[in-house]
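First the structure, in the form of structure tokens, and then the observations on it.
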Amino acid sequence: MSKKELGFDTKKVRAGYNPSEHNRSVQVPIYQTASYELGDTARAGRLLAFEEFGYLYTRVGNPTVSALEQRVAALDGAKGAVALASGMAAVSYALLNAAEGGGRILTSPNLYGGTIDSFRKIYPKFGIGIDYARDVDDPASFEKALKPETKAIFIESITNPNAVVADIEAIAKVAHDHGIPLIVDNTFATPYLQRPLDFGADIVVYSATKALSGHGSAIAGLVLEGGGFDWANGKFPQFTEKVYVLRDTAGKERSFLETFGDVPFTARVRMNYLGYLGAALGPLDAYLVLLGIETLSERVAKQVASSERIVKYLEGNKRVAWVKHPSAKVSPSAALAKKYLPKGAGSVFSFGIAASEERVNKLIDSTELFSYQANVGDARSLIINSPKTTHGELTDEQQAIAGIAPETIRLSIGLEDPDDLIADLDQAIEKAFA
Ligand SMILES: *Cc1c(COP(=O)(O)O)cnc(C)c1O
């Protein structure tokens with residue numbers, strides 16, 4: 001083969017795995033083991049000094065989990081990756097790794113419900129402050145909300161539930177002008193629709209539970225690292241201080257930067273947060289995510305096409321008051337979507353009917369095909385009343401700031417025949433107004 005970089009669709013079924021290293025097994029084997037033989041004492045010494053790569057214990061490394069890490073790193077153009085037991089572990093380990101020791105995180109109110117809850121309930125108790133910029137599509141609002149202790153900007157590339165598109169390049173510039181990294185939760189887009197590292201993001205996190213695995217069969221997360229950020233700029237002593245466990249074979253202490261070159265961030269998530277807080281992804285779950293990724297492009301392309309048809313149908317239904325998706329006739333995100341999401345703006349979006357809560361409930365209770373559940377990106381379509389469920393812990397004021405109107409109905413479009421989905425919505429909307 002020539003040296004030309006392989007295409008996305010080749011990488012999604014091949015990258016990060018070499019059969020000749022695994023008894024020529026064509027599919028990635030499930031290494032269902034807790035521990036690994038060290039060989040002899042000399043080898044153990046080299047492993048523990050990071051002079052030879054090898055597995056020690058599945059909490060911090062497993063060959064099946066490694067294949068997943070390397071495959072997603074290849075898809076996103078990342079230098080390093082660490083897989084974790086959930087998307088929440090990925091978000092929290094990445095943010096703690098950046099802001100531990102009294103730092104602050106600058107974010108926007110347009111976030112996954114669990115993330116925003118954790119910002120309110122957990123982070124302040126660990127001494128980490130959270131600040132909010134008002135608009136994820138307005139970089140100036142981030143510039144204004146920066147503080148001297150801010151250690152990272154954190155955003156979602158496509159927000160939940162209203163599919164607002166973030167101006168990643170401009171927000172990355174704000175972050176870099178102040179010597180801090182941009183961390184992007186790219187769960188809704190997946191690397192098929194967008195690679196945030198290409199637009200200047202430094203760290204990418206995923207809930208692989210959603211569209212990345214796509215079948216609603218495992219809980220998983222990942223943290224990826226682009227490799228270009230300057231962690232030695234004086235704001236992040238955790239990467240430059242000498243660490244006892246990072247001794248070389250001569251016994252000299254080293255820092256994360258000295259030991260792990262251009263991937264100190266993911267190495268530190270692995271050693272300190274995965275190692276000591278312990279949200280390890282099991283090999284079977286890693287395998288299920290790998291299996292899902294084999295059809296990532298095919299699934300997401302169909303889900304986007306069906307979503308665009310359903311957006312058009314909803315816009316043509318006179319009972320529907322509004323539809324929020326970048327492909328809608330009127331969308332504040334249309335221009336940013338053209339730049340950042342040329343293959344489509346995803347399959348999670350919201351609409352509203354001009355009606356009482358009773359009618360919203362009647363609509364949802366009348367659907368026959370759509371599942372009433374929360375796990376977006378699944379092969380099966382879902383419908384949910386976000387303000388009462390996925391974003392139910394937000395106060396009315398927080399919902400208003402995040403643009404979540406009380407009548408918001410969120411859809412995630414799966415792989416069913418789009419005509420069946422439209423027919424189901426049509427009869428449910430009629431019943432709601434009967
Ligand atoms: C679901 C989700 C998470 C949390 O992921 P889990 O795998 O459920 O822990 C984080 N961010 C976004 C955008 C999500 O949709």
Worksheet item: Is the closest side-chain heavy-atom distance between Leu246 and Glu253 below 4.5 Å?
Response: no
Worksheet item: Just by distance, do the side chain of Asn162 and the backbone of Val164 share a donor-acceptor pair under 3.5 Å?
Response: no
Discussion item. Under the ring pair (Phe, Tyr, Trp, His ring centres under 6.0 Å) definition, can you give me all pairs with a residue in residues 199-226, not counting sequence neighbours?
Written reply: Phe199-Tyr340
Practice prompt. Keeping to residues at least two apart or across chains, list the salt bridge (Lys or Arg N to Asp or Glu O under 4.0 Å) pairs with something in residues 121-130.
Written response: Lys121-Glu393
Fill in: Lys NZ or Arg CZ of Arg268 over Phe265 ring: under 6.0 Å, within 45°
no
Fill in: Residue pairs involving residues 340-351 (criterion salt bridge (Lys or Arg N to Asp or Glu O under 4.0 Å); sequence neighbours excluded)
none
Worksheet entry | Residues that Ala354 engages under side-chain contact (heavy atoms from CB on, under 4.5 Å), provided they are two or more places apart | Ala321
Discussion item. Just to verify, what does Phe53 make a side-chain contact (heavy atoms from CB on, under 4.5 Å) with, not counting sequence neighbours?
Written reply: Tyr55
Worksheet item: Please, which pairs that meet salt bridge (Lys or Arg N to Asp or Glu O under 4.0 Å) have at least one residue in residues 231-244, sequence neighbours excluded?
Response: Lys242-Glu258
Response to the item:
Residues passing the salt bridge (Lys or Arg N to Asp or Glu O under 4.0 Å) test with Lys302, sequence neighbours excluded, are none
Worksheet item: With sequence neighbours left out, what residues match Phe370 under ring-ring contact (aromatic ring centres under 6.0 Å, His included)?
Response: none
Discussion item. Could you work out, with side-chain contact (heavy atoms from CB on, under 4.5 Å) as the rule, every residue matching Thr266, not counting sequence neighbours?
Written reply: Val82, Val223, Glu225, Val263
Worksheet item: Tell me, which pairs form a salt bridge (Lys or Arg N to Asp or Glu O under 4.0 Å) where one or both residues lie in residues 151-171, sequence neighbours left out?
Response: Glu169-Lys339
Item to complete: Name all pairs fulfilling the side-chain hydrogen bond (donor to acceptor under 3.5 Å, both in side chains) condition that reach into residues 271-291, sequence neighbours left out, sorted by first residue then second.
Response: Glu100-Tyr273
Fill in: Residues which pass side-chain contact (heavy atoms from CB on, under 4.5 Å) with Ser35, listed by chain and number, not counting sequence neighbours
Tyr57
